Amino acid sequence: MSTSSLHPHGVFCAALTPLDAELTPDHARFVEHCRYLLDEGCDGIALLGTTGEANSFSVAERTALLEAVVAAGIAPQRLLPGTGVAALTETIALTRHALSVGVDTVVMLPPFYYKNVSDDGIYASYSEVVQRIGDARLKVVLYHYPQMSAQPISHALIERLRKTYPAVFTGIKDSSGDFANMTAMVERFPGFAVLGGADPLMLPLLRKGGAGCITATSNLVARSLAYVYKHSRDSDDDAALKVAQARIVKARELVSRFPQMASLKALVAERTGHSGWQRLRPPLESLPPAQVKELLADAAAFAAATV
């Protein structure tokens with residue numbers, strides 16, 4: 001089965017969310033960032049996810065940001081907003097709102113506050129969302145990130161959801177970093193779009209039949225990721241493919257030395273010349289000046305080495 005037959009497929013940026021002085025999402029700057037990412041080669045924008053600090057924002061803030069992006073002329077079909085939250089009714093409201101502005105595919109965390117919940121409970125939650133919305137357009141990308149949610153998405157749960165709602169549950173974002181889990185899903189669920197959450201794993205995942213990636217480092221190296229996606233079937237001897245993959249790996253290492261979201265925001269602030277990009281909403285914190293200085297020095301060396 002070809003990658004192009006999977007939904008969704010390609011390179012999607014887990015976009016950062018810029019904040020204004022009141023620590024509110026900065027719509028204009030976010031739209032500017034989305035356009036930059038699309039120009040750099042992203043197939044779409046996965047907004048309001050973990051990297052976008054979504055769980056620090058209210059329903060009203062999330063819906064307003066999505067509306068601003070669509071109103072700015074960015075095609076809703078290129079957007080993958082996160083709509084899964086702890087409360088069932090708010091997940092439904094966010095998902096219904098996404099559909100109302102033309103978005104048909106959302107990324108949905110499982111309800112994550114209560115721990116040691118059974119697959120039956122998680123299935124019931126997802127099923128309630130689908131049934132209460134009752135819209136044939138809806139497509140859901142599951143979100144497996146047990147390190148953060150403490151609620152893994154099991155293969156048995158995927159099988160059950162796909163059996164009941166085959167047109168709805170079309171893919172999964174796997175941010176666990178467990179490559180064996182990703183490839184096992186590709187093998188077990190033909191036609192199911194498995195997207196990696198770790199940039200360096202996109203290339204080997206594509207070669208196993210994966211669908212692409214939804215990643216944080218694409219805020220920095222979208223062009224390299226887009227190249228690797230398009231040339232994933234090329235020989236390992238292809239010099240340009242080697243360079244692009246090496247740049248992706250180095251970029252991921254660069255932003256993993258200090259807290260990742262704060263590092264990414266510091267680097268986007270440096271690229272854009274807008275210091276406000278460094279803001280995060282508490283409890284997350286910006287990098288202290290000494291770490292910013294060290295990060296920017298490392299980034300300059302990285303840029304020089306990968307020109």
Side-chain angles (χ1 to χ4, degrees), residues 3-4 6-19 25-54 62-83 97-99 101-107 139 141 143 170-171 173 175 193 195-199 202-203 206 210-232 240 244-245 247-248 251-252 255 261 264-265 267-274 276-277 303 306:
T3 301
S4 61
L6 302 173
H7 180 84
H9 62 270
V11 174
F12 296 87
C13 181
L16 296 160
T17 305
L19 304 178
D26 186 329
H27 294 179
R29 228 168 273 285
F30 184 72
V31 167
E32 181 182 80
H33 186 52
C34 289
R35 287 179 175 147
Y36 165 80
L37 293 168
L38 294 173
D39 287 346
E40 286 289 290
C42 285
D43 294 287
I45 309 296
L47 64 161
L48 294 165
T50 303
T51 303
E53 302 174 63
R62 292 165 75 135
T63 56
L65 184 62
L66 179 57
E67 287 174 7
V69 174
V70 174
I74 294 175
Q77 294 74 26
R78 301 187 79 174
L79 302 175
L80 299 178
T83 63
H97 173 264
L99 290 165
V101 298
V103 171
D104 60 16
T105 308
V106 301
V107 179
K139 295 177 178 60
V141 174
Y143 192 1
T170 63
K173 176 186 178 181
S175 291
L195 299 117
D199 313 76
M202 183 183 71
L203 177 57
L206 286 168
C213 70
I214 302 175
T215 60
T217 317
S218 50
N219 284 279
L220 302 179
V221 289
R223 190 176 295 273
S224 294
L225 283 160
Y227 185 90
V228 169
Y229 180 80
K230 291 174 184 175
H231 296 272
S232 63
Q245 179 68 3
R247 190 165 189 266
I248 290 163
R252 185 79 175 193
V255 299
M261 280 178 274
L264 286 165
K265 282 197 158 183
L267 291 168
V268 173
E270 176 71 6
R271 177 183 64 78
T272 61
H274 180 66
W277 258 108
T306 58

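Please read these numbers as outputs of a predicted model, since none were measured by experiment.
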Exercise. What is the minimum heavy-atom distance between Ala15 and Phe30, and which atoms define it?
Worked result: CB-CE1, 3.9 Å
Problem set entry | Main-chain N/O of Ala198 paired with Arg252 side-chain donor or acceptor, under 3.5 Å | no
For this session: For residues Pro76 and Val101, determine if any side-chain heavy atom of one lies less than 4.5 Å from a side-chain heavy atom of the other.
Result: no
Exercise. What distance separates Leu16 CG from Glu53 CD, expressed to the nearest 0.5 Å?
Worked result: 8.0 Å
Exercise. Are side-chain heavy atoms of Asp199 and Cys213 found at a separation under 4.5 Å?
Worked result: no
Problem set entry | Ser218/Phe12 under side chain to side chain contact (heavy atoms under 4.5 Å, CB included): CA gap, chis, key distance, verdict | CA-CA 8 Å; Ser218 50; Phe12 296 87; over 6 Å; no
Exercise. Taking the side chain as C-beta and beyond, is there a heavy-atom pair between Thr50 and Tyr143 under 4.5 Å?
Worked result: yes
Problem set entry | Reported CD1-to-CG distance for the pair Ile45 and Leu37, which is rounded to 0.5 angstrom | 4.5 Å
Exercise. Is the backbone of Ala14 close enough, under 3.5 Å, to the side chain of Asn219 for a donor and an acceptor to pair up by distance?
Worked result: yes
Problem set entry | His97 NE2 to Thr63 OG1 distance, which is reported to the nearest 0.5 Å | 4.5 Å
Exercise. How many angstroms lie between atom NZ of Lys139 and atom NE2 of His7, to the nearest 0.5 angstrom?
Worked result: 5.5 Å
Problem set entry | Distance-minimising heavy-atom pair for Gly10 and Leu195 | O-CD2, 4.1 Å
Exercise. What distance separates Leu206 CG from His9 NE2, expressed to the nearest 0.5 Å?
Worked result: 11.0 Å
Exercise. Which of parallel (below 30°), tilted (30 to 60°) and perpendicular (above 60°) describes Trp277 and His33?
Worked result: perpendicular
For this session: Heavy atoms only: give me the nearest Ala46-Ile214 pair and the separation to one decimal.
Result: CB-CG2, 3.4 Å
Problem set entry | Where Leu264 and Thr217 come nearest, the two heavy atoms and their spacing | CD2-CA, 4.4 Å
Exercise. Is a donor on one side and an acceptor on the other found under 3.5 Å between the side chain of Arg78 and the backbone of Asp43?
Worked result: yes
Exercise. Quick one: are Glu40 and Cys42 in side-chain contact, heavy atoms under 4.5 Å?
Worked result: no
Exercise. What's the verdict on side chain to side chain contact (heavy atoms under 4.5 Å, CB included) for Lys265 and Leu19, showing C-alpha distance, side-chain angles and the deciding distance?
Worked result: CA-CA 10 Å; Lys265 282 197 158 183; Leu19 304 178; 4.0 Å; yes
Exercise. What are the two closest heavy atoms between Gly52 and Thr17, and how far apart are they?
Worked result: O-OG1, 2.8 Å
Exercise. Taking atom types as modelled, is there a side-chain donor on Thr272 or Tyr36 under 3.5 Å from an acceptor on the other?
Worked result: no
Exercise. Does Leu225 reach the side chain of Met202, with side-chain heavy atoms less than 4.5 Å apart?
Worked result: yes
For this session: Side-chain contact test, heavy atoms from C-beta onward, threshold under 4.5 Å: evaluate it for Pro81 versus Val103 and give yes or no.
Result: yes
Problem set entry | Pairwise distance CD1(Ile248) to CG(Leu220) - rounded to 0.5 angstrom | 11.5 Å
Problem set entry | Heavy-atom closest pair, residues Pro8 and Thr170 | CD-OG1, 4.3 Å
